[in-house]
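Computed from a prediction, not measured in an experiment: that's the story for all the values here. All chains are named by letter (A, B, ...) in the order of the sequence lines, taking the proteins before the strands, and each is independently numbered beginning at 1. Heavy atoms only: backbone and side chains are in, while hydrogens, waters and symmetry mates are out.
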Amino acid sequence: MTSILRLALPVPLNTLFDYRAPEAVVAAPGCRVLVPFGRRQVVGVVVERATDSELDDNKLKPIERVLDAAPLLTPELLATLRWAARYYQHPLGEVVQAALPVALRSARGLPESGVPALRLTAAGHAARGDPQRRRGTRLDALLDALAIGPLSGADLETRVAGFASAVRTALARGWIERVRVASATRPHAANAGPPLNEEQRQAADAVIAASEGFAPFLLDGVTGSGKTEVYLEIIRDCLARGRQALVLVPEIALTPQALRRFRERLGVDIAALHSGLGESERARAWLAAARGEAPVILGTRSALFVPLPNPGVIVIDEEHDTSYKQQEGFRYHARDLAVMRAKALGIPVLLGSATPSLESLANVGAGRYRSLPLRHRAGLATPPALHVVDLRRQRLQHGLAASTLDAIAACLAKGEQVLVFKNRRGYAPVLLCHDCGWSAQCPECERALTLHRHAGRLRCHHCGFEQAIPRACPSCGGLALHPLGEGTERLEEALSARFPDVPIVRVDRDTTRGRRMRDALFDSLPDAGARILIGTQMLAKGHDLPHLTLVVVVGVDEGLYSIDFRASERLGQLVVQVAGRASRAERPGAVILQTHDPAHPLLGVLLNGGYRALAAQLLEDRHNAGLPPFAHFALLRAEVKQRDVLDAFLAVAATAANDPAIITHGPLAAPMPRRAGVFRGQVLIEAADRAALQGFLPTWLDAVRALPGERKLRWSVDVDPVDLY
DNA sequence: AGCACGCCGACT
DNA sequence: GTCGGCGTGCTC
């Protein structure tokens, strides 16, 4: 007598695979198993147990080995993943694979448990007893801290500030050694933090009161209103009830400082899950959560898939942030899935933002989410003033108006910092011949090459192409090649020419690579005096900059006139977020918006009514235009080297999409019709409601999969896409 | 996605 | 004669 195991395998196939398991083998749903698959071996996850299979018994292979004695994935997580696979039209095997940390996707043993820690050696004890030892040094403090027992890095950090070099010294001298200890070895006292104000109290109480069931909340808190204090209060209550809290933050916000703040305020170890972590550390944190040992899990997008055996609450900070949407493979939205997970878990979910997404505001409007407003700015007299600078008929200096430069000068004269935003790196986005109209284009993409003057190169920001800057126009031979438009590099040049004595820091992908570099940079900024920061979106968030009082948004018009219908929402969010960065209790901040259309209605709404008014207007516009969140989209994208193959495929796919419940748009050109030599196109499916879309997609995609030339190109579906035009 | 099988082109 | 191109089929 054998039983059947239905497995999710890491292959892009829309099916589960049945295997035989001897009676003696116990592999509950959620366990990983090693199985033969074709001519190779793969790790799969048991989804169901069954007594019979649609296939003949002789077709079924026996499983090779059970990898987990107890299920790694909880029933709820498995159910949520199945739901997500269906909703996003992605094979369950790949969805399950995406949920597992990389280290658990192979059959190798689980990583060592426990957290890395340091322990005093015998030599260390001796050194501590040495009457000659120098007191009051960090090394001394380190030895004292470890004298009682081993400590994790996190615990050490709270006891000995800046212990890294002391650790190196002590390790070199053989006074301490690296060991592993169970997590949360030494819970420390939590710092109380400031008392909650009335609004914060009400918000926290509302969530706490609902903590025994599913309840979605939007914590709609203006900048500086102390959203984090509300999170902390809710998590504290959750911990007191012995439950786990899952907190998701945008990639850029998961800094060592944020971790330390949570740890100090909650008095427990925080399991961190982000891309900066090594794979075995990631798996360890994930397993700690899965075993219920980690009380608080703080992570980015993919941390949403951590098993929660004792679920208490899910918090999505900066819920409007676009990094919650996975943009390749299994294209899920972590914020949307978080709500589904909370529903499956029967716990509250709290979405927090100073600039909520229109989707969430619509959900509040429809009564699906409860709004928890925080309108009071802690200790802040006035919000920063927004100023519109009219660029028309002005002589600009590399894109900056004279009045903007005067405002910067005034700000610097007071010893304060200035932030200049331009969402475009390089010197200029176009190199144009003034004689014949030629401009430098990428040979592989249908886009202009960006001039990088310092590097002396023309670069394509969409593929790897680059070339030297031509001296003469390749088309007419003329010498009138001019940079058109501004990038951060040009702004830096212009501002350093105008303010030669002021230190300037440029932050974009060309100057700042990797999170470590960015963290180091931000660490150095707050204490610095007068200076100018120039940067792309990278600068919109990050650490607190206490000396920042002026923000200049150079590229406002791009947000007002973009082909992407979400651009105006993002512009509003950017302006409000950066305005928040310039807000100080002591000094009033200001934001300058440079535009050629000062009378643009959306600017007026933003200036007079702030983000709330802008959001209301944008929601009305979306409603009138039949755009999300009042319509529901799915996007079929395809790309191939041969244009005719693309056109033929999309034409047939669009024709196959005829159903009274949906509207088919296209085939359409992609925002980048050619990228790195590959032609790209798409078919857009629109439906009035999710159910209609969900009802239509499976049959259509089955038909698309069955198309003859389907294997000749790369194609994918994106349900609820965020970057169609 | 892998991985094999299989049937046509220029090479040690 | 064979190495290797990628079309097609299959994976419980």
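No donor-acceptor contact under 3.5 angstrom links the side chains of A:Arg6 and A:Tyr19, judged on distance only. In this model, no donor atom of one side chain and acceptor atom of the other lie less than 3.5 Å apart for A:Asp336 and A:Tyr87. A:His665 and A:Glu686 are linked by a side-chain donor-acceptor pair at a separation below 3.5 angstrom, with hydrogens and angles left out of the test. In this model, no donor atom of one side chain and acceptor atom of the other lie less than 3.5 Å apart for A:Asp508 and A:Thr536.
Ring geometry, A:Trp700 versus A:Phe696: the interplanar angle falls under 30°, so the pair is classed parallel (tilted spans 30 to 60°). Classification of the A:Phe649-A:Trp715 ring pair by plane angle, with boundaries at 30° and 60°, yields tilted.
Residue contacts shown for A:Leu60 are limited to sugar-phosphate atoms, with no base heavy atom under 4.0 Å away. Counting non-hydrogen atoms under 4.0 angstrom, A:Tyr19 reaches the backbone sugars and phosphates but no base. Nucleic acid contact class of A:Leu13 (heavy atoms, under 4.0 Å, all strands): base. Within 4.0 Å of A:Arg20, counting heavy atoms only, lies no atom of the nucleic acid at all. At the heavy-atom level, A:Pro36 lies under 4.0 Å from the strands shown only through sugar-phosphate atoms.
Contacts between chain A and DNA chain C, taken as any atom within less than 4.0 angstrom of a protein heavy atom, begin and end at C:dG9 to C:dC12.
Place A:Arg39 and A:Pro12 on DNA chain B by their nearest nucleotides, and A:Pro12 ends up nearer the 5' end.
Across the protein-nucleic acid pair, A:Gln41 atom CD and B:dC3 atom P stand 12 Å apart, rounded to whole Å. The interatomic distance linking A:Arg105 (CZ) with B:dA1 (P) rounds to 16 Å, in whole Å.
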